[in-house]
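To start, the structure under review is shown below, and the notes come after it.
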Amino acid sequence: MLVKQKIRFCLRDAVATAQGKGDLPPVELPEIVIEHPQDAIHGDFACGLPLKLARSMSLPPMNIAHEIAKYLSLPAEIARFAIAKPGFINFTVQNTWLWNQVETILSEGESYGNLDLGKGMRIQVEFVSANPTGPLHVGHGRGAVLGSTLANVLSAAGYQVKTEYYLNDIGTQIDNFRQSLYARYLQSQGKNVALPEEGYMGDYMIALAEDICQEYGDKLLNMPEEKALLEIGQIGLEKILENIKEDLELLGVDFDVWFSEKTLYQEGQYNEAMAMLRNKSCVVEKENAVWIETSTLGEDKDNVLVRGDGSPTYFASDIAYHYDKFARRGFQRVIDIWGADHQGHVPRVKTAMAALGIDPAQLEVITYQLVTLRRGGEIVRLSKRSGDIVTLRELLEEVERDACRFIFLSRSADSQMDFDVELAKRKSADNPVYYVQYAHARIASILRLAEQKNIQYNQGDVSLLTSDPEMTLIRSLVLLPETVEIAATALQPHYLTYYAQDMATVFHSFYKQCRVISNDRALTQSRLKLVEATKIVLSKTLHLMGMSAPEEM
RNA sequence: GCGCCUGUAGCUCAACAGGAUAGAGCAACGGCCUUCUAAGCCGUAGGCUGUGGGUUCGAGUCCCACCAGGCACACCA
């Protein structure tokens, strides 16, 4: 159990005791929030509970604090507490506990920081899921980094995580893609044909068509259009999917499952979900189409499930898909990561889940704001169909993977993001990620030197670590578990980037002030333990973020 | 027009479900390498947290109104 939690309990018990003895009025307790004071002078943990209780108890906060204090029985990790105006109770941890944590980190290695929050619960994280009709663009990169990091974090927090990419391999856009590609192919073969009105206009389609010409020649010319369309569509899809997979690999992202939309129609999920909706009588036929009456379920309007031409909409597929996640595969929680342009879709899907008898709270959708791309001062507009896009590949050819991940990760999903390609390229060398990795490499270098000098330190005495830089460093190390906790609970992996930077700052400062390998044999051994623990924590944090922890730079 | 997100230092962003003096990086300025990596350290400067009300012992954070930007409101996905 985290120390934070133990403090929470000891406060709760103290209030209950005080209330039992009649020293405090019997009011209901609010949630007890334990935080880290900004100023170290106030100790390691702080709680403003007396302030929160002042109103309901009609007593001055300082009086409440003193009453609580009378009955506090401190957990072993805490050395002392203090009451501070206007009504805080501050706690300071035992040095022995901090020293023990260094040993704990050394013995646990990179499993340090892992938690049992999820208790093995099965959770799915679905992300990217871009249509295989064109290359990934920069925005998809953001979703990919967000999703893969979140999956790592949840896994560390004790969930059984599966990652998934939903492949839209059927439907209107795929038909459109086929026709666009076929037109480009015919053009490559010297035919004078026009592209479909709303077709995919990007130059990559020309390159793709030429690529197919190289490989297949005029083979597709000599077959009926119907057949050629299907054939070329399949070939094109596979090639683009291959590209998408390469892009994701460059970004260090992979998936446990690639889920094909088409299979929803082949394996019955679609029919089952639709039948269930009909049974709940929230499906009607009107205006020559099949609708779900979402308006009677709390939405603004009804939505079409099956078009006039008999083909299901994306929404219908999505209902079947999520039905599959919960009803067939039994995930207890599902996290979807979508671009903000799908924002409006969230309540509809949740409403449909409720109609299927699935608790909508089991589905959590994280929408990330769109990436605005700049080249210098100029804004680049993104549109796959018009083709004027900056691809993820283009970005990755210019900006290194770890740097790219760090930039995407260091903004909260809610905030719109400016990604200046020029800047990212130019500044790649002083991106914060290198600052963090440099700290790791520096430690590796110290440990190499210790090895060269044949210094054994497993008998090192960590209680020799008493100076400010040393204790500050240990205090930073022990924040890893709660950083994982908050990132996993809030589903906000950007906390990791800030923790990583803090860790590096504290280490670099320690490094400047404390020589590790010195003539003081005993101190050398204890400091070697400390820096090795630091290396573990840095490495773990970098790995959670999907970045490398280099031994040298 | 309805809804969602955002507005914090010159720029890019944080602020741990309301807390103590709002923090980093970059850019600017001034110092620090005969010792384990200077991709580093130490310091200076930079703010009416978009505006106006409200709730609270306490508001960047919650509520209302307004201003500005983004997204979305399809028988596209």
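Throughout, protein chains are lettered first and strands after them, A, B, ... in sequence-line order, and every chain is numbered starting at 1.
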Show each protein N/O and nucleotides 44-51 of chain B N/O combination with a separation under 3.5 Å, one pair to a line.
none

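- In this model, the phosphate group of B/C36 is not approached by any side-chain N or O of A/Arg527 to a distance below 4.0 Å at OP1 or OP2.
- Under the ring pair (Phe, Tyr, Trp, His ring centres under 6.0 Å) criterion, the residue pairs touching residues 402-422 of chain A are A/Phe408-A/Phe419, with sequence neighbours excluded.
- The stretch residues 503-516 of chain A touches RNA chain B through A/His508, A/Ser509, A/Tyr511, A/Lys512, A/Cys514, A/Arg515, A/Val516, each having a heavy atom within less than 4.0 Å of the strand.
- For B/A39, the OP1/OP2 oxygens have a side-chain nitrogen or oxygen of A/Tyr438 closer than 4.0 Å.
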Every protein N/O within reach of nucleotides 16-22 of chain B N/O, cut-off under 3.5 Å:
residue: B/C16; atom: N4; partner: A/His36; partner atom: O; Å: 2.8
residue: B/G19; atom: N7; partner: A/Lys52; partner atom: NZ; Å: 3.2
residue: B/A20; atom: OP2; partner: A/Gln38; partner atom: NE2; Å: 2.5
residue: B/A20; atom: N6; partner: A/Asn90; partner atom: OD1; Å: 2.6
residue: B/A20; atom: N1; partner: A/Asn90; partner atom: ND2; Å: 3.2

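- With P as the reference atom, B/C42 and B/G25 are 9 Å apart, rounded to whole Å.
- In this structure, the nucleotide among B/C71, B/C75, B/C13 sitting nearest to the side chain of A/Asp418 is B/C13.
- Contacts classified as salt bridge (charged side-chain N to carboxylate O under 4.0 Å, His left out) and involving residues 339-353 of chain A (residues at least two apart or in different chains) are not found.
- Geometrically, A/Arg442 does not engage A/Phe507 in a cation-pi contact, judged by NZ or CZ lying under 6.0 Å from the ring centre and within 45° of the ring axis.
- In summary, A/Arg178 and A/Asp175 engage in a salt bridge, as defined by a charged side-chain N under 4.0 Å from a carboxylate O.
- Around NE2 of A/His66, the count of heavy atoms belonging to other residues, nucleotides or ligands within 6.0 Å does not exceed 12.
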In a table with atom names and distances, give each donor-acceptor pair under 3.5 Å that connects a side chain of residues 484-497 of chain A to protein atoms at least two apart or in another chain.
residue: A/Thr489; atom: OG1; partner: A/Glu485; partner atom: O; Å: 2.6
residue: A/Thr497; atom: OG1; partner: A/His494; partner atom: O; Å: 2.8

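- In this structure, A/Tyr498 places its OH atom 9 Å from P of B/C13, rounding to the nearest Å.
- Phosphate contact (OP1/OP2 of B/G25, side-chain N/O of A/Tyr434, threshold under 4.0 Å): absent.
- Side-chain atoms of A/His342 and base atoms of B/A77 include a donor and an acceptor less than 3.5 Å apart.
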A/Phe91 and A/Val93: CA distance, side-chain angles, deciding distance, side chain to side chain contact (heavy atoms under 4.5 Å, CB included) verdict: CA-CA 7 Å; A/Phe91 300 85; A/Val93 298; over 6 Å; no
Dot-bracket summary - RNA chain B, pairs being Watson-Crick or G-U whose distances fall under 3.5 Å, with | when paired to another strand: (.(((((..((((.....[...)))).(((((.......))))).....(((((..]....)))))))))).)....
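- Following rounding to the nearest Å, A/Asp502 (CG) and B/A14 (P) show an atom-to-atom distance of 15 Å.
- The side-chain hydrogen bond (donor to acceptor under 3.5 Å, both in side chains) check on A/Lys6 picks up A/Glu77, with sequence neighbours excluded.
- Looking at heavy-atom distances under 4.0 Å, A/Ala54 makes no contact with the nucleic acid at all.
- Applying the salt bridge (charged side-chain N to carboxylate O under 4.0 Å, His left out) test to every pair with at least one member in residues 308-325 of chain A, sequence neighbours left out, gives these pairs: A/Glu126-A/Lys325, A/Asp324-A/Arg329, A/Lys325-A/Asp336.
- Listed by first and then second residue, the side-chain hydrogen bond (donor to acceptor under 3.5 Å, both in side chains) pairs that reach into residues 295-306 of chain A are A/Lys286-A/Asp302, A/Thr294-A/Asn303, A/Ser295-A/Asp302, A/Glu299-A/Thr351, sequence neighbours excluded.
- Here A/Ser317 lies out of heavy-atom contact (under 4.0 Å) with every strand.
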Just the atom pairs and distances: protein N or O near nucleotides 4-6 of chain B's N or O, under 3.5 Å.
residue: B/C4; atom: O2'; partner: A/Gln343; partner atom: OE1; Å: 3.4
residue: B/C4; atom: O2'; partner: A/Gln343; partner atom: NE2; Å: 3.0
residue: B/C5; atom: O2'; partner: A/Gln369; partner atom: NE2; Å: 3.4
residue: B/C5; atom: O2'; partner: A/Asp414; partner atom: O; Å: 2.5

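- Identified under the side-chain hydrogen bond (donor to acceptor under 3.5 Å, both in side chains) test for residues 498-507 of chain A, with sequence neighbours left out: A/Tyr435-A/Thr505.
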